[in-house]
Amino acid sequence: MSPRRLAIPLIAMLLVGCQPAATASPSVALRHVTLLLGFQPDVQFAPFYLAQQAGYYAHFGLDVTIEYKGDADLVRLVADGQAEFGVADATDVMISRTAGIPIKYVETIYGLFPVALIGPKGTVPADPAELAGKRIGTPGKFGSSWHALLALLHAGGLTEADVTIREYPQFNQVDGLLNGDVDVITGFRNNEPLRLAAQGMQVDLLTVEEIAPLPGPGVIVGDALLQSNKADVTGFVAATLQAETEIAADPQKGLDAAVVAVPTIDAARDVALAVLKGTIELWRAGAPAPSAAINDAAWTSGYETMRALGFIDGSVPLDEMIEHLVRETVN
Amino acid sequence: MSRFAATLLSLAAFLVGWKLLTVLTGTPDYILPAPEVVAGRAVRAIGSGLLWEHTAVTLTEILLGLAVGATSAVAVGVALGKSVVIERVLSPYIVAAQSVPILALAPLLDIWFGGGLLARVLICALIVFFPIAIATMVGIRSADPLLVELFRSLGATPAQRTTRLEIPSALPVIFGGLRVGVTLAVIGAVVAEWAGAGSGLGVLINIANQGLFDTPLMFVALATLAVIGIGLHGLVVSIERRVIVHP
């Protein structure tokens with residue numbers, strides 16, 4: 001058995017309730033499942049591409065088809081069983097679960113919340129209270145960018161009324177910052193700073209983790225799948241974590257898998273590799289390797305923040321929103 | 001059967017069909033909410049003032065966009081109808097503006113015009129413009145040639161011919177364009193809001209769908225847009241009936 005094949009069962013041992021049936025032999029028909037990834041094909045989804053291409057999912061009896069959907073559709077389709085797995089923002093999981101959509105967050109992909117406030121170097125305050133009066137560009141009043149912005153404002157004792165919000169529904173807030181239409185923008189810290197640097201703008205970031213911790217995006221499944229076929233879920237989690245761990249150790253491996261899945265990435269390999277390396281730092285969150293474990297501290301803090309902001313009313317407790325499949329703890 | 005009774009019957013059949021669909025398919029509310037769920041959400045949205053807050057914004061955009069778009073479209077349509085040269089010069093641009101997906105153009109217009117009400121009114125006007133302008137051009141050219149000749153023989157000036165013969169005879173076709181235009185104005189306002197706005201029914205749809213995962217609220221916003229469209233269409237038909245005397 002190769003080291004790679006050995007690694008999968010080792011990681012699987014970390015998972016609660018991972019059944020031997022999940023280790024399908026080649027003679028057993030694979031179960032077809034669909035994974036929905038948000039937005040569009042991107043190098044940041046490299047773990048899923050690698051796990052699919054390297055047969056890690058097949059090792060657990062899964063034949064995974066990857067599709068791309070907007071976050072709102074993605075959550076509903078997973079809840080309805082039209083897709084088995086999805087990757088969604090943890091904050092969206094809190095809102096949708098409270099709205100009665102039966103999904104659960106089962107695996108952390110991003111150890112750190114990927115959205116930050118971004119502005120020209122030397123202009124971004126370290127204290128969110130100093131955001132008062134700033135012109136802030138954001139895609140819209142939804143999603144992780146909006147949640148991060150409001151969480152920071154809330155931590156600084158501010159509200160939406162204390163700043164000027166400029167919406168960029170086409171996600172072109174970078175243009176607004178470059179034009180000087182806004183002072184700071186919300187953006188993904190593994191992406192927008194690189195785009196701005198390419199345009200000659202060096203930036204500073206204001207992140208949420210030291211101020212108002214929020215849990216990062218991760219894998220979601222529907223309640224029905226979790227109840228009827230937990231082995232598939234644990235197998236999927238183990239295979240994804242395996243790929244994520246390998247990519248964290250060797251980013252080139254992830255880039256190669258991403259190029260196979262999304263050939264257009266090949267045209268800008270250097271940029272894609274830089275984005276991937278930035279993304280790996282968000283997966284690892286300062287640890288030596290990525291962890292699939294749910295960060296209870298970030299979830300508890302995020303739950304309270306989302307409640308204080310009025311996104312959720314507390315009617316659905318936190319433990320109904322998440323499922324701990326991994327024994328290890330990050331707390 | 002009166003028109004009102006027929007409308008009520010049609011609405012009742014629609015609601016029963018909708019309810020049956022949700023019951024028979026067992027579709028959850030977060031995919032397709034039942035009509036009574038949407039109605040309940042509408043009551044809460046009205047009660048909290050949320051619905052009116054967004055409806056007022058969209059209605060303003062629609063009415064201003066319609067006013068700007070329809071007025072300029074009639075003016076340009078008359079010019080196109082009366083001058084082959086003007087038609088040859090302007091037509092490619094008008095057709096090109098109509099052919100470019102407004103969804104692609106809207107974000108640019110939003111940036112060019114500062115992202116405020118002006119940008120949204122212009123986007124709305126742009127989408128309204130084409131059907132009314134073309135209808136006006138066709139209507140102007142459909143004036144009875146014998147009557148045109150009669151006006152000429154009586155020494156009518158071009159302006160008199162336009163205002164007293166060609167425009168009145170073009171009215172049925174212009175109103176046809178207006179009927180299409182008012183429904184497009186609703187779409188234009190939503191597209192404009194999706195390009196960049198802080199409030200409006202298009203924004204409410206986005207917030208409900210992507211921000212709150214509140215499918216019933218999204219349906220409330222969609223139903224409100226439909227009511228606005230039906231209302232404006234009915235208003236145009238009503239004005240048309242009063243303005244045009246059918247033989």
Side-chain angles (χ1 to χ4, degrees), chain A residues 38 69-82 88-89 91-103 135 137-147 150 160-161 164-173 175-176 178-179 181-182 222-224 306 309-313, chain B residues 22 25-34 37 40-41 44 48 50 53-54 57 101-117 119-120 123 190-200 202-219 221:
Chain A
K69 295 281 180 191
D71 285 357
D73 294 338
L74 182 156
V75 165
R76 289 179 175 92
L77 290 169
V78 169
D80 195 43
Q82 295 183 47
D89 290 322
T91 45
D92 277 346
V93 172
M94 294 181 199
I95 297 170
S96 53
R97 184 81 204 195
T98 302
I101 301 178
I103 55 161
R135 298 170 301 158
T138 190
K141 295 180 176 178
F142 51 81
S144 54
S145 294
W146 184 238
H147 303 150
L150 290 190
E160 188 185 339
T164 302
I165 303 289
R166 173 82 195 268
E167 292 186 39
Y168 293 88
Q170 308 300 316
F171 296 88
N172 57 335
Q173 65 269 32
D175 297 331
L178 289 168
N179 291 343
D181 292 340
V182 289
D223 282 7
M306 293 295 279
L309 292 172
F311 285 111
I312 57 175
D313 57 11
Chain B
T22 59
T25 60
T27 310
D29 285 343
Y30 58 83
I31 300 279
L32 175 62
V37 175
R41 189 67 185 89
R44 282 193 286 137
S48 68
L50 177 73
E53 172 195 333
H54 290 279
V57 172
I102 193 74
L103 270 170
L105 205 55
L108 290 176
L109 288 167
D110 185 62
I111 291 171
W112 293 342
F113 292 97
L117 178 65
R120 298 198 291 279
I123 292 166
V190 171
V191 168
E193 288 169 8
W194 283 351
S199 54
V203 173
L204 183 60
I205 288 171
N206 267 348
I207 292 172
N209 183 38
Q210 302 180 59
L212 303 175
F213 297 89
D214 189 342
T215 313
L217 180 59
M218 189 175 78
F219 272 68

*Which pair of non-hydrogen atoms, one from B/Gln210 and one from A/Asp92, has the smallest distance, and what is that distance?*
O-OD1, 4.3 Å

*Against chain A, label B/Ala106 side chain, backbone, both or neither, depending on which of its atoms sit under 4.5 Å from a heavy atom there.*
neither

*Which of the residues B/Ala197, B/Pro216, B/Pro28 is involved in the greatest number of heavy-atom pairs with chain A at under 4.5 angstrom?*
B/Ala197

_Distance, nearest 0.5 Å, that separates NZ of A/Lys141 from OG of B/Ser199_ = 7.0 Å

*Side chain, backbone, both or neither: which part of B/Ala208 has a non-hydrogen atom closer than 4.5 Å to chain A?*
backbone

*Non-hydrogen atoms of A/Asp71 and B/Phe213 that approach each other most closely*: O-CE2, 4.2 Å

_Engaged part of B/Asp110 at the chain A interface, taking heavy atoms whose separation is under 4.5 Å_ = both

*Approximate separation, where rounding is to 0.5 Å, of A/Ile101 CD1 and B/Asp29 CG*: 10.5 Å

_As an exercise, state the distance from CD1 of B/Ile31 to CD of A/Gln82, rounded to the nearest 0.5 Å._
5.5 Å

*asked:* For chain B, which candidate among A/Pro139, A/Ala79, A/Gly140, A/Gly100 shows the most heavy-atom pairs at distances under 4.5 Å?
replied: A/Ala79

*Part of A/Asp181 within contact of chain B (heavy atom distance under 4.5 Å)*: neither

*Where is the tightest heavy-atom contact between A/Arg76 and B/Asn209, given as atom of each residue plus distance?*
NH1-OD1, 2.8 Å

_Looking only at heavy atoms and a cut-off of under 4.5 Å, which of A/Ala99, A/Ser96, A/Gly143 has the most pairs with chain B?_
A/Ser96

*asked:* Give me the atom names and distance for the closest heavy-atom approach of A/Ile95 to B/Leu212.
replied: CG2-O, 3.6 Å

*Under 4.5 Å heavy-atom distance to chain A, tell me which part of B/Thr27 shows up: side chain, backbone, both or neither.*
neither

